[in-house]
Protein chains: 2
Amino acid sequence: MARSPLTREAVLAAAAALVRQHGPDGLTMRKLAAELGTAVTSIYWHVGNREQLLDALVERTVEDMGAIRPVGRTPAERVVSIARGLRRELRERPHLIAMVHERGLTDRMFLPAQRALVAEVRAAGLRGARAADAVRAVQFQVVGFVLVERNRERSPVQSPGEGELWDPADAPGDPALARELARPADPERLFVLSVRTLTEALLAGG
Amino acid sequence: MARSPLTREAVLAAAAALVRQHGPDGLTMRKLAAELGTAVTSIYWHVGNREQLLDALVERTVEDMGAIRPVGRTPAERVVSIARGLRRELRERPHLIAMVHERGLTDRMFLPAQRALVAEVRAAGLRGARAADAVRAVQFQVVGFVLVERNRERSPVQSPGEGELWDPADAPGDPALARELARPADPERLFVLSVRTLTEALLAGG
DNA sequence: ACCTGAACACCGTTCAAGT
DNA sequence: ACCTGAACACCGTTCAAGT
């Protein structure tokens, strides 16, 4: 190992691997140097300090979030398909997405998706400020949902979870409701339901 | 300063102040000790290590998120008022809320709000699984929105921001839409619009 | 141009020692 | 029961010195 000269590329690759496995906190300059078989300070020459290194990883992630391919026959269906695509891409890179988020680059990362949403909203007949509101409402909903969902997964053991909090006495005369709330939510189903409901309502008056 | 004997209460108060001002990363055991005028190690005697200290702060926050007072004449109006109340409370404690989230206590923190939402959804005539879905969809939307919003505020200078990304050529024949997307969103308005639209659609078939 | 080790200023935590 | 300083194992970063 570590015979060939160090390159910016090698540093970024090793750093990305560390972040993917252990999250941003797992990326220390010293561990990274050990991984690369170099002195800690060599890293600074190639990619700058830790902050700049993370910025470079984030930049790469933003560039990767490219292609959006809407499917479906109605604008509403295509909006839902865009939303599902976004969710899938976000969930594949949880740590990196969080870092994009922290650096305030979410808007830029979402630009391709936003353009796709604009097209669908216009196809549904919306114009001007109403169209802009619809696009943003969906965008906020998708990003927000994924953030909430990710947090739930990261902390699997709720103490106490919804399960222990809900008992039938809380929903008088509706044991099915209490039972449902005592069960963990199915995120995929809830996501599609939420996005579809919101989208159809937003596009309705087009 | 720092004449009276150190108490668990004093440690928690000083720690909460540090977190409120500088976020969790701004809370170091050494700064906290300096603030309190004691040795670093005294803190450990009163509240345990840093992790346990943060846990105690989180616990306090969860307990504080109590009263929900729905206003409005229709269930939908009252749901919106609950959502606005939640948003306000979340925005007052951004750092602490993030910590609650990281520790997986969000569900417990939201239990009072969830009960209030259940009441309104039932008042609108929803039952069983459909009622549970509606409650959760609103809950996810509110929390998600606040998370996205908070991130946008934390990083005011997008590089590039939506402003530079959108020019009229992107929305052919609709300069008003392009102009609107080039302007920063009004979060309060977008929030109410989103929640109202989603809620009314969810409650419609009750 | 590229890499190095030493040094600095920070961390959280442990622990034996004080009162 | 409460508080202390010293010590340990970690950090990120700078910098003069090497090739």
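Convention: sequence-line order gives letters A, B, ...; per-chain numbering from 1. Keep in mind the model is a prediction, meaning the values are calculated, not measured.
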Taking NZ, NE, NH1 and NH2 as the nitrogens, is one of them in [X] or [Y] under 4.0 Å from a carboxylate oxygen of the other?
X     : Y      : value
A:E35 : A:R30  : no
A:E9  : A:R60  : yes
A:E59 : A:R108 : yes
A:R91 : A:E149 : yes

Between B:G48 and A:L6, which is nearer to the 5' end of DNA chain C once each is assigned its nearest nucleotide?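 Result of the comparison: A:L6.
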
Got A:H22 and A:L27 here, is their nearest side-chain heavy-atom distance under 4.5 Å?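 No - every pair of side-chain heavy atoms lies 4.5 Å or more apart.
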
With a cut-off of 6.0 Å (strictly less than), are more than 12 heavy atoms of other residues, nucleotides or ligands near [atom1] of [X]?
X     : atom1 : result
B:R93 : CZ    : yes
A:R20 : CZ    : no
A:R50 : CZ    : yes

Across all strands, who's sitting opposite C:dC8 as a Watson-Crick or G-U wobble pair, both distances under 3.5 Å?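 Partner of C:dC8: D:dG12.
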
Using purine N1 to pyrimidine N3 plus N6-O4 or O6-N4 for Watson-Crick, or N1-O2 and O6-N3 for G-U wobble, each under 3.5 Å, what pairs with D:dA1?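 Check on D:dA1: paired to C:dT19, both distances under 3.5 Å.
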
5' to 3' on DNA chain C, which nucleotides open and close the contacts with chain B (atom under 4.0 Å from a heavy atom)?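 Extent of the interface on DNA chain C: C:dC11 to C:dC15.
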
Can you pull out the residues from residues 24-33 of chain B that lie within a 4.0 Å heavy-atom distance of DNA chain C?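 Those residues are B:L27, B:T28, B:M29, B:R30, B:K31.
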
